[in-house]
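Presented below is the structure to which this report refers.
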Amino acid sequence: MSVISYFLVVYEHEKPETRKAGFIYIVMTHIGTGFILLSFLILAGGSGGFGFEGFRASGPTMLPLFKDLAFLFALIGFGAKAGIVPLHIWLPYAHPAAPSNVSALMSGVMIKTAIYMFIRVFFDFLGAGVLWWGFLVLAAGALSAILGILYALVEPDIKRMLAFSSIENIGIILLGLGASMIFYANGSPALSAIAAIAALYHLFNHSVFKGLLFMGAGSIIFSTHTQNLEKLGGLIKKMPLMAILFLIGVLSISALPPFSGFVSEWLTFQSLLLSFSSGDSLVRIVLPASAAVLALTGALAAFCFLKAFGIGFLALSRSEHAEHAKDANRPMLLGMGIFAVLSILLGILPVYVIPFLDRITGTFTGTSIGQSISSGFPGTITMPAGQISMSAPSLFVFMLVFLSIPLMVQLMKGKKHGAVYETWGCGQPVSTARNEYTGTAFSKPVQIWFKNLYRPARELRAAYSVSPLIKQSFKFESRIGQVFENYLYIPVTGYILSKSRMIKFIQTGSIHAYLAYIFGTLVILFMFVIMGGK
Amino acid sequence: MIEYLLLAPVLTGIVCFFSKTRKQVETASMVGSTATLLLGLVLVWQVYKYDIIITWQNALFADAFSAFIVLIVSIVGFVASLYSIGYMGHELDHGAMDLKRLRLYYVLFHGFMFTMLLVGVTNNLGLWIAIEMTTLVSALLMILYSKKSSVEAAWKYMIICTVGITFALFGTILTYYGAVNILGETGDALNWTSLIAVADQFDPTIMKLAFIFILIGYGTKAGLAPMHTWLPDAHSEAPTPVSALLSGVLLNCAMYGIIRFYTIATKSTGVAFTSNLLIIFGLLSLGIAVPFILLQEDYKRMLAYSSVEHMGIIALGIGFGGVFGVFGAILHMFNHAMTKSLMFFGAGNVLLKHETKEIFNVSGLVKSMPVTGAMFVIGTLAITGSPPFSIFISEFTILAAGFSQGHYVATVLFLLFIIMIFAGFFNNVSKMAFGTPKQGIEKGDVGRLMLVAMGILIVFVVVLGVYIPPFFYEMIMKVVEIVR
Amino acid sequence: MFTLSSLGIVIFQVIIIVALAPLLSGMIKKIKAFFQIRKGPSIFQPYYDIAKLMRKDSVVSENVSWIFHAAPLISFAAILTAGLLIPIYISDMPLGFAGDLIAVVYLLALARFFTALASLDAGSSFGGMGGSREMFVASMVEPALMLSIFAIALNVGSTNLSFISQAVSSMGLAAVSPYHILAFVALFIIAIAETGRIPVDNPATHLELTMIHEAMILEYSGKQLAIVELTAMMKQLLVFSLLANIFFPWGIASEINAAGIALALVVFIIKIVILGAGMALVETSTAKWRLFRLPDLLSVSLMLSFLAIVSFIIVRGV
Amino acid sequence: MEEIVFGSNIMQLLIALILVSTFMILGSTRLYSCVRAFGIQSFLLACVAGIVAFSTGKIDIYIVAFLTLAIKAALIPYIFIYIIREIKVKREIDLYVNISPSLIIGGILVVISYYLIRSINLITELSSFALSASMSLVSIGLFIMISRKKAIMQMLGILIMENGLFLGAISLTYGMPLLVELGIFFDVLIGVLIMGILIFRINKTFETIDTDMLKTLIG
C-alpha cells in the first residue's frame with residue numbers, strides 16, 4: 001500500500017519539493033513497516049503461525065513483557081502510518097505533493113487502515129487488558145489532536161492545512177479508542193463499546209468530510225492554480241456552487257450541530273464523560289482533562305476552518321488568479337455533492353448508523369449496546385445512565401422553524417435591502433482588497449498565544465530604489481518553526497550522517513591498509529579460539 | 001553429464017578466439033551461453049531426479065546445492081552474455097573498444113563462466129582451485145579498459161583475493177589433516193560426501209582453526225565485512241556485464257564454499273561456535289555497508305556496497321540456522337543474484353548514455369530513458385526489500401528465523417540497518433530517477449537487446465516475490481537438508 | 001408525550017425569551033449607570049432601539065455574499081433552539097430530550113461561527129479583526145466551559161439540563177458544597193467572556209481596539225441589525241438563566257399550574273436581576289484587559305473548574 | 001613413523017634454513033637479493049619434500065618435490081628477473097617500515113606462531129616445529145606485503161605465504177593427493193604470470209609500480 005501510494009505522491013516529480021516529500025514519505029512508512037514487522041514477529045513468535053488466528057491464539061499465552069513490547073511496536077508502526085504526532089512529519093509533506101484526489105483518498109482511507117489494524121491488534125490479538133496502554137493511546141491522541149490543529153491554524157497552504165487537520169482528527173479518533181481501552185481494562189465493556197462507537201463514527205465522518213474538503217481544495221487549485229490562502233478571496237462569487245459544498249464540509253469538520261462532525265464529537269464527549277461511573281479515581285481525573293483538550297481542539301478547528309472559508313471565499317479576491325476563477329466543472333461538483341449530502345445525512349440521522357457500528361464494536365468489545373442507545377424517542381441517542389440524550393433530527397427541525405421567524409420579519413415590511421454602498425472604512429475613499437484581513441493576520445492571536453511552540457521567525461527585507469532613504473518596496477516573510485522536525489528529526493539524521501562520514505574513512509584506498517585489516521581479523525579470531533571461544 | 005556442462009563454455013571460448021568479425025564472435029558467444037544454460041537446466045533436472053551425481057572418479061560431483069549454484073551461474077551468465085552483446089557493441093561503435101579487445105573479452109567471459117561452473121561441481125579441494133582461477137580470469141577481465149582506476153582496482157582485487165585464498169588453502173589443509181587421521185590416506189579424503197559422513201569424529205580444535213581460516217579466506221572472496229575492501233573498487237571499475245557476474249554470481253560461489261565447510265565444521269565444533277561467527281560477520285558487513293550507501297556519490301559503488309550488505313544478510317541467515325534461516329539464506333542467494341544483476345544492467349545503461357558515474361550529474365532518468373528508468377526504480381525497490389518483491393520474502397524468512405531462534409538483538413540490528421540502507425539507497429536513486437534530465441541527454445533508450453536482458457530478470461524478481469513454484473521450493477528444501 | 005400543554009409550554013418559553021432579553025440588557029445598563037452615579041437610559045430603551053431599527057432601511061456593502069444575509073437568521077435560530085433546552089421557569093423541559101449541555105455549547109458555537117463568517121464577508125479590516133478576536137476568545141472559553149459543565153455533571157451523573165436542575169433542587173441546601181461554588185465562579189467568568197462584558201470586550205464602544213462583538217456586526221444596519229442585537233440579548237439571557245437555573249434552581253415550578261409558573265417567573269426575574277447586578281458591578285469596577293492577557297484570565301477559570309472536578313472526587317472520597 | 005622421519009636433524013636444519021632465508025628477504029633492500037633469497041628458500045623446500053618422499057617412499061611426493069624445484073626454485077625467480085629487467089625499475093625497495101623494525105617484527109611473529117601452535121598441542125614435538133615455521137612464514141609473507149611499497153614485493157609476499165603453506169602441508173600430511181598438488185602448482189604459476197601482466201600494465205599507465213600511487217579509489 002505504501003509503496004504504490006509513494007508513486008502516486010511522486011506523480012508530478014518535476015518539482016524538487018515533490019521528490020523531497022516523496023522521499024520523506026516512503027522512508028517514514030518504511031520505518032512504520034519495520035516496527036509492524038517486529039510486532040508481528042513477536043506475535044507470531046508464540047504460535048509460529050502468521051495468520052490472524054495464529055496471532056489471536058498466541059495473544060493470551062505470551063508473557064507480559066512480550067505483550068507490552070508487541071503493543072509498543074504496533075503502536076509506533078501503525079502510528080507512523082496513521083500520522084500520530086511524533087511520527088507525523090511525512091503527512092504535511094506528502095498530502096500537498098500528491099494530486100488532490102489522491103490526497104483525498106490518502107487521508108480519507110489510507111490513514112484509516114492503520115486505525116483498523118490498531119483495533120485489530122489491541123483488542124483482537126492482545127486482548128487490551130492492560131490499563132496503561134489505554135492511557136498511552138489517550139495521551140497520543142490528545143497530543144496529536146492539539147498539535148495537529150495548532151499547526152493547521154497557522155498554515156497558509158490549503159492542502160498542508162488539511163493534512164495537519166487529518167492529524168488532529170486521527171487524534172480525536174484515538175481519544176475515543178483510548179477511552180474505550182481504558183473502560184475495557186476497567187472491566188466495563190458497555191462503556192468501552194460506546195467509546196468505540198464514537199471513535200468509529202468519527203473515523204467514518206472524517207473520511208467523508210475530509211474527502212469533501214480535499215476535493216474542494218483540488219478544484220480551487222484547479223481553477224486558481226495556487227495553493228496559497230493569502231492569494232485567494234472572493235471565490236464565493238466566482239464559484240458559488242463549490243463554495244456551498246465547501247461550506248458544508250467546513251461546518252461538519254468544525255463539529256457544528258446539524259452536521260456530521262457534531263454527532264461524533266458529542267459521542268466522544270459523552271464517552272469521555274462516562275468516566276464518572278467508573279471506579280478508578282485516576283480515570284475520573286484524566287478523562288475529563290482529555291475532554292477539555294477535545295473541547296480546545298474543537299474550538300481551534302472551528303477557528304481554523306473559519307479562517308480557511310472566510311479568507312478563501314469571502315470578500316474581494318486578493319489576486320488576479322482568484323479574480324478569473326471559474327466554477328468547478330460538473331464531475332467535480334457531483335463528487336463533492338455526494339459527500340456533502342452524505343455528511344448532512346450522517347449529521348441528522350445518526351440513529352441508523354449506530355446499530356451498524358454497534359455490530360462492529362460488539363465483535364471486539366464483546367457487548368452490543370445498540371438497542372439501549374437508540375431506545376427513547378425515535379431519532380435520539382440516549383446514554384444508558386442519567387437520561388442524557390441528544391436527537392439531531394429534532395435539533396435540525398427546531399433550527400428550521402426558528403429560522404422562519406426572523407425571515408418573515410425581514411420580508412414583512414419594505415424592500416429586502418436598501419442601498420448598496422461600499423464597506424465602511426472610516427471614510428477611506430476606496431475599499432480595495434488590500435485592506436482586507438489576511439489569513440496570517442486572522443490566526444495571529446493564536447500564534448502569539450502559543451509562540452514558544454511555533455517559534456515564529458519573520459523577516460522584513462526592504463528594497464531601496466535610488467537612495468538608502470527612499471524605500472521602494474518591502475518583502476515580508478514569516479515562517480513557523482516545525483518543532484518536531486527541527487528538534488527531533490534533523491539532529492538524529494545529522495548524527496547518523498556525521499557518524500557515517502567518520503566510518504567512510506576506513507576505505508582509504510591504500511592496499512596496505514586493506515591487508516592490515518585482514519591480518520587484524522585473523523589475529524582477533526585466533527585470540528578468540530585460543531581463549532576457548534564457545 | 002557434468003563434463004558436457006563444463007565443456008560448453010570452454011568450446012565457446014575457443015570458437016570466439018578464432019572468429020574474426022564482430023558478427024561471428026557475437027553469434028558464437030550467444031550459441032555458447034544458450035548451450036550452457038540448457039545443459040545447466042538438464043543437470044538441475046537430473047539432480048532433481050537422482051539426488052547426487054558423481055563422475056570422473058569422484059573429482060566432479062553434483063548434489064542439490066551445487067545444482068542450485070549451477071542454476072544461478074547459467075541463468076545470470078546467459079542474461080549477461082545477452083547484455084554484453086548490446087553493451088560491447090555500443091562500446092565498439094563509440095570507439096572505447098577495438099575488435100581485438102572485443103574478442104579477448106568474449107574469450108575471458110566464457111572462461112570466467114567455466115571457472116564459476118567448476119566451483120559448483122568440483123569436489124572438496126577442487127573448490128579452492130576453481131575459486132583461485134575465477135580470481136585470475138576476472139582480474140584479466142577488469143583490465144580490459146586500460147583506464148588508471150580499473151588497473152588499480154584489478155591490482156587490489158588480485159592481491160587481496162590471493163592473500164585471502166591462501167588462508168583458505170591453509171584451512172583446507174587443516175581439514176584434510178583432520179580427515180586423514182580418520183579416513184586414512186585414501187584419495188577421497190577430500191570429497192564432500194565422504195567428509196560429511198565422518199564429520200562428527202574430527203578433533204574440534206582443528207576444525208575450529210580450519211573454519212576460521214576458511215571463513216577469512218572465502219569471506220574475502222565473498223566480500224564479508226573487514227575483508228570487503230576490494231569489492232567496491234573491483235565491481236565499480238569492471239565493465240558492467242562483468243561486474244554483474246562478479247557481484248551476482250561470484251560472491252554466491254564464495255558463499256557456497258563457506259556454507260560447505262560450515263556443514264562439516266558444525267558437526268564437530270557444535271553449532272554455537274560457527275553460527276555465532278557467521279552472525280558477527282553478517283552484522284559487521286551490514287553495518288559497514290550502511291555509511292557507504294548513505295553518503296555515496298558513485299552509483300556503481302553504491303550497488304557494490306549493497307552486495308556487501310546482501311552477503312551479510314545471507315551469512316546472517318545461515319548463522320540463525322533452523323529451517324527458516326537456511327531456507328531464507330538460500331532463497332536470498334537466488335533473489336540477490338537476479339536483482340543485483342538487474343540493477344547493474346540498469347547502471348550500465350545509464351553509464352552508456354550519461355558517461356558519468358556521479359549520481360549528482362544524472363537526473364530525470366524516468367524521462368530520458370523511460371524503460372531503463374522504470375526498471376531501475378523497480379530494481380531499487382526490490383533490492384531494498386520492499387514488500388511486493390522477492391528479496392522481501394527471503395529477508396522476512398531470515399527475520400522470522402532470527403526471532404524464533406532467539407537472536408533478538410541481532411534481528412533488531414538487522415532491521416535497523418535495512419531501514420537505514422533503504423533510506424540512503426532511495427535518496428540517491430530518487431535523485432537520479434526523478435526530476436528533469438540534464439541538458440544534452442536526448443530522449444530514447446539504449447540498445448533493445450539490453451532491455452530484453454533486463455526484462456528476463458524483472459520477471460524473476462517480480463514473480464518470485466509473489467509465488468514460489470513447487471519445483472523450485474522442493475529444490476531449496478533439498479539444499480536445506482544438505483546444509484543442516 | 002407531545003401533548004397540547006407541552007406545546008403551550010414551548011411557545012410560552014419562546015415568548016418569554018424574546019420578551020425578557022431586551023429587558024435584561026436594559027436593566028443591566030440601568031444598574032451600571034446607577035453605579036456610575038448617572039441617570040442612564042430607561043430600562044425599556046432596548047425595546048425602543050429595536051423598534052426604531054425595524055423601521056430603518058438597511059445599507060449593505062457591495063462585496064457581500066449570501067452569507068452576510070443568512071448569518072443573522074441562522075444565529076437567531078441557533079440561540080433560540082438552545083433556549084428551548086434550558087429550563088427557565090419549568091424544570092422538566094418537554095423538548096429536553098433533544099439535547100443536553102454539550103448541545104447547548106455547540107449551538108452557541110454555531111451562532112458565533114456564522115456571525116464571525118459574516119464579519120469577514122464585508123471585507124473590512126474591522127470585521128476581520130473582530131472575527132479573529134472572537135474566535136480567539138471562543139477557543140479559550142470552550143475548554144473552560146466544558147470542564148465546568150463536567151464538574152456539575154460529575155456531581156449529578158448526567159448532562160441533561162432538566163435532570164440536573166431537578167437533582168440540584170431536590171438536594172436543597174446540601175448542594176452548595178465547595179466544588180459547587182468553584183464551578184459557579186468559573187462559569188461566571190466564562191459568562192463575562194461569552195456575553196462580551198468589560199474585562200473581555202467592551203459592548204458600549206465603537207473604538208476598534210476594544211470592541212470584539214461590536215466589530216463583527218459593524219456592517220449590519222436596519223432590520224438585520226435589529227435581529228442581530230436581539231440575538232445578542234437573547235444569548236445573554238440564556239447564559240444568565242444557565243447560571244441561575246443550574247446552580248440555584250430553587251423556586252422552579254415542577255408541575256404545570258398557573259400559580260407555580262407565575263411564582264417561578266418572578267423568582268427567575270429576581271435571580272437574573274441579581275446576576276445582572278453582579279455583572280454590572282464587575283463591569284464598573286474593572287477596566288478592559290489587553291487581549292493577550294485574556295488567556296491568563298480564562299486559564300484561571302479553567303483551573304477553577306478543574307479544581308472543582310478534583311475536589312468533587314476528593315470530597316466524595318471515592 | 002613421523003617421529004623417525006622428522007627425528008633426523010637434517011630436516012630440522014632445513015626448516016631452520018628456510019626461516020633464515022625468509023629473514024634474508026625481510027632484511028634486504030634490493031630487489032635482486034630478495035628474488036635470490038626466495039630462490040634459495042624454494043630450493044630448500046624442495047629438499048624437505050625430497051627427504052619426506054625418500055622416507056615415505058611414495059612416488060607422487062617425488063614428483064611434487066621435483067615440481068617445487070622446477071617451478072618455484074627456477075622458473076618463478078626467472079620471471080621475476082625478467083620483469084625487473086623489463087620494467088627498468090630502480091633497484092631498491094622503498095618501505096613503510098624500514099629494515100631494523102621489520103626484522104624485529106619478523107622475530108616477534110615467529111615467536112607468536114610458535115606459541116600459537118604449541119597451545120593447540122595436537123601434534124608431536126618436531127612436526128609442530130615445522131607447522132610453527134610454516135605459520136611464521138605465512139605471517140611474515142603477509143607482513144612483507146603490508147610493509148613494502150613496491151608492487152613486485154607484494155607479489156613476492158604472496159609467494160612466500162605459498163611456500164609456508166606448502167611446508168605446512170608437507171609436515172602435516174605428507175602432501176595432498178597428487179591431482180590437488182598439481183592444481184595448486186598450476187594455479188601458483190598462472191597467478192605469477194597474471195601478476196606480471198598486471199605489473200606491466202601498471203607500469204604502462206602509472207609509469208611507476210609504487211603502490212602509493214594506487215590510492216585514487218576512496219570511499
Side-chain angles (χ1 to χ4, degrees), chain B residues 57 59 122 124-126 128-130 132-133 135-137 139-140 142-143 146-156 158-159 162-163 165-167 169-170 172-174 176-181 185-190 203 205-206 208-209 232-234 236-237 291-292 295-298 301, chain D residues 56 58 116-117 119-123 131 134-135 138 141-142 145-146 151 154-155 157-159 161-162 164-166 168-174 176-184 186-188 190-191 193-195 197-199 201-206 209 211 213-219:
Chain B
Q57 79 288 20
T122 58
N124 186 343
L125 206 114
W128 181 82
I129 299 165
E132 170 76 18
M133 281 191 339
T135 327
L136 307 180
V137 173
L140 283 178
M142 257 184 241
I143 49 171
S146 52
K147 290 209 299 292
K148 260 196 175 159
S149 54
S150 53
V151 168
E152 176 190 336
W155 176 256
K156 283 187 189 155
M158 189 70 191
I159 292 295
T162 334
V163 163
I165 289 173
T166 5
F167 285 131
L169 179 60
F170 195 63
T172 331
I173 292 167
L174 278 172
Y176 178 70
Y177 169 71
V180 159
N181 296 3
E185 276 297 331
T186 60
D188 67 359
L190 275 171
D203 166 352
T205 34
I206 296 183
K208 274 190 190 157
L209 258 177
D233 307 341
S236 63
E237 293 315 323
F292 288 96
L295 295 163
Q296 194 46 264
E297 289 88 26
D298 171 339
R301 287 181 79 88
Chain D
T56 55
K58 277 204 246 143
L116 283 178
I117 299 298
S119 70
I120 296 168
N121 57 41
L122 49 84
I123 327 156
L131 193 58
S134 76
M135 270 298 289
V138 165
L142 191 59
M145 285 170 69
I146 293 173
Q154 288 181 347
M155 229 165 94
I158 288 182
L159 288 168
M161 282 169 71
E162 202 65 46
L165 282 180
F166 183 76
I170 293 290
S171 66
L172 263 178
T173 59
Y174 307 115
M176 315 271 229
L178 183 62
L179 178 72
V180 173
E181 286 295 340
L182 282 176
I184 294 175
F186 182 63
D187 264 346
V188 164
I190 298 179
L193 283 175
I194 290 178
M195 281 195 225
I197 298 167
L198 272 174
I199 287 182
R201 183 58 64 82
I202 291 174
N203 191 25
K204 195 148 66 62
T205 41
F206 286 92
I209 56 164
T211 50
M213 304 305 292
L214 298 164
K215 276 220 176 77
T216 50
L217 291 167
I218 299 171

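Quantities reported herein were computed from a predicted structural model and do not represent experimental measurements. Order of the sequence lines sets the chain letters (A, B, ...), proteins ahead of strands, with each chain counted from 1. Heavy atoms only: backbone and side chains are in, while hydrogens, waters and symmetry mates are out.
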* Asked: Hey, is the main chain of B/I143 close enough, under 3.5 Å, to the side chain of D/R201 for a donor-acceptor pair?
  ->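 Checked: pair present.
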
* **Any side-chain heavy-atom pair of B/W128 and D/I184 under 4.5 Å** =>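 The answer is yes, as the side chains (C-beta and beyond) meet within the 4.5 Å cut-off.
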
* Side-chain heavy-atom pair D/E162, B/L169 within 4.5 angstrom cut-off ->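 SC-SC contact between D/E162 and B/L169 confirmed.
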
* Drop me the distance from B/M158's CE to D/M155's CE, to the nearest 0.5 angstrom. =>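 CE of D/M155 is found 9.0 Å from CE of B/M158.
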
* **Interatomic distance, D/I190 atom CD1 to B/E132 atom CD [nearest 0.5 angstrom]** =>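 That separation rounds to 9.0 Å.
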
* Shortest non-hydrogen separation from D/M195 to B/W155 and the atoms involved ->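 Distance-wise, the nearest heavy atoms are O-CZ3, 4.2 Å.
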
* To do: State which residues pass side-chain contact (heavy atoms from CB on, under 4.5 Å) with D/S134; sequence neighbours excluded, sorted by chain then number.
  =>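 Applying side-chain contact (heavy atoms from CB on, under 4.5 Å) to D/S134 gives B/F170, D/L131, D/L167.
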
* Contacting moiety of B/E237, where chain D heavy atoms sit under 4.5 Å ->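 For B/E237, the side chain is the part near chain D, not the backbone.
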
* Asked: For the candidates B/T135, B/L295, B/L140, which exhibits the highest count of non-hydrogen atom pairs separated by less than 4.5 Å from chain D?
  ->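 Option with the top pair count is B/L140.
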
* **Part of D/L193 within contact of chain B (heavy atom distance under 4.5 Å)** =>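 Neither part; nothing is under 4.5 Å.
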
* Residue among D/L198, D/D187, D/I194 with most heavy-atom pairs under 4.5 Å to chain B ->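 Between D/L198, D/D187, D/I194, the count favours D/D187.
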
* Most contacts with chain B, counted as non-hydrogen pairs under 4.5 angstrom, among D/A151, D/G157, D/G164 ->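 Highest number of heavy-atom pairs under 4.5 Å: D/A151.
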
* To do: Apply side chain to side chain donor-acceptor pair (under 3.5 Å) to B/E152 and list each qualifying residue two or more places apart in sequence or on a separate chain.
  =>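 With neighbours one apart ignored, the set is B/K156, D/T216.
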
